[in-house]
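Sharing a structure here in structure tokens format.
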Amino acid sequence: MTEEIERMERQIGGFEKAWNYNAAYMRDLLAAGPEVLRKFQGMMSIVDVHAAPKEAIFVAQTMGVLDGDCEPCVQLGIDMALAGGLDPTLVRAVLTGNEASMSEDARLAFRFARASLARDVAGLEPHRREILTRWGQKGLTAVALSITVGRMYPTLKYPLGYGHPCVSVTVAGEVVPLRPRAAAA
């Protein structure tokens, strides 16, 4: 094993330990070549997390992950968001679709992501225009890329054999049941 591969293996192990997460799919990417894993890991950096409110970025990415139906991916995103200071009430609201408990920015991102993932062009347009008005093209791009990046993980993990359907996740010690993907539309 080369020094670079050993270093990357240690990083994967540290990530798994820090987040109580099975990152075996990353080892598959590493086995395909260190450059494959590096390129995949670089995908997260395409989102300008400062171009839109933190809540909007979280909501958009979470909606993408939920659409992909991968419980470990959803749980990891939640754990990272909570560690980053996001309010558990917002997290629960996104998971349950409770728009009344979302801030205005979160609700806008939620509606935008929902319409986008449903391919509801007519429903998407007013939200797209509102995002452009509030956060400009950079904000719209950041929210759109957040949906894409969120969807990317389940899209990769299922064919590699690591996808697990969403049943429930834990938010600040509380189990939150999730609707099956087919029923979530």
request  = Hey, could you give me the CG/CG distance between L140 and L132, rounded to the nearest 0.5 Å?
outcome  = 4.5 Å
key: Y153/L76 under side chain to side chain contact (heavy atoms under 4.5 Å, CB included): CA gap, chis, key distance, verdict   = CA-CA 11 Å; Y153 287 92; L76 177 62; over 6 Å; no
message = Between K54 and V49, is there a side-chain heavy-atom distance shorter than 4.5 Å?
response = no
task = With rounding to the nearest 0.5 Å, note down the distance linking CD1 in I78 to CZ in R92.
result = 10.0 Å
ask   = Would M63 and I147 count as a side chain to side chain contact (heavy atoms under 4.5 Å, CB included) if you check the C-alpha gap in whole Å, the side-chain angles of each, and the deciding distance to 0.1 Å?
value = CA-CA 7 Å; M63 293 294 286; I147 297 167; 5.6 Å; no
key: Parallel, tilted or perpendicular, as decided by the 30° and 60° cut-offs, for the rings of Y162 and Y25   =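 It falls in the tilted class, 30° to 60°.
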remark   = P88 and V171 have their tightest heavy-atom pair at O-CG1, 3.9 Å
query = Closest heavy-atom contact between S101 and N98?
reply = OG-ND2, 2.9 Å
query = Do you see a donor-acceptor pair shorter than 3.5 Å between the side chains of Y21 and D79?
reply =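 Side-chain D/A pair, Y21 to D79: absent.
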task = With sequence neighbours left out, write down each residue that passes side-chain contact (heavy atoms from CB on, under 4.5 Å) with N22, or none if nothing qualifies.
result = E16, A24
request  = Using the side chain to side chain contact (heavy atoms under 4.5 Å, CB included) rule, take R107 and R111 through it: C-alpha gap first, then chi angles, then the decisive distance, then the call.
outcome  = CA-CA 6 Å; R107 190 169 33 257; R111 291 175 178 169; 3.4 Å; yes
inquiry  = A quick test of your reading: do over 12 heavy atoms of other residues, nucleotides or ligands sit less than 6.0 Å from CD of E4?
reply    = yes
request  = Can you see which heavy atom on V143 is nearest to which on I57, and at what distance?
outcome  =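 Nearest heavy atoms, V143 then I57: N-CD1, 4.3 Å.
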ask   = Looking only at heavy atoms, what is the nearest atom pair of C73 and V65, with distance?
value =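 Smallest heavy-atom distance, with atoms named: CB-CG1, 3.5 Å.
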query = side chain to side chain contact (heavy atoms under 4.5 Å, CB included) between E104 and R134: does it pass, once the steps are laid out?
reply = CA-CA 11 Å; E104 200 174 306; R134 288 187 193 190; 2.7 Å; yes
ask   = Going from CG on L145 to CD1 on I46, what distance comes out if it is rounded to the nearest 0.5 angstrom?
value = 4.5 Å
inquiry  = Quick check for you: to the nearest 0.5 Å, what is the distance between F112 atom CZ and E130 atom CD?
reply    =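 Atom-to-atom, F112:CZ and E130:CD are 12.0 Å apart.
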key: Check: D69 and P154 side chains under 4.5 Å, non-hydrogen atoms   =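 Answer no - side chains too far apart.
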task = Using a strict cut-off of less than 4.0 Å between a Lys/Arg side-chain nitrogen and an Asp/Glu carboxylate oxygen, indicate whether R129 and E125 qualify as a salt bridge.
result = yes
note = Sequence neighbours excluded, the answer for side-chain contact (heavy atoms from CB on, under 4.5 Å) partners of A106 is E55, V59, L90, M102, S103
request  = Could you tell me which non-hydrogen atom of K138 sits nearest to which non-hydrogen atom of A51, and how far apart they are?
outcome  = O-CB, 3.4 Å
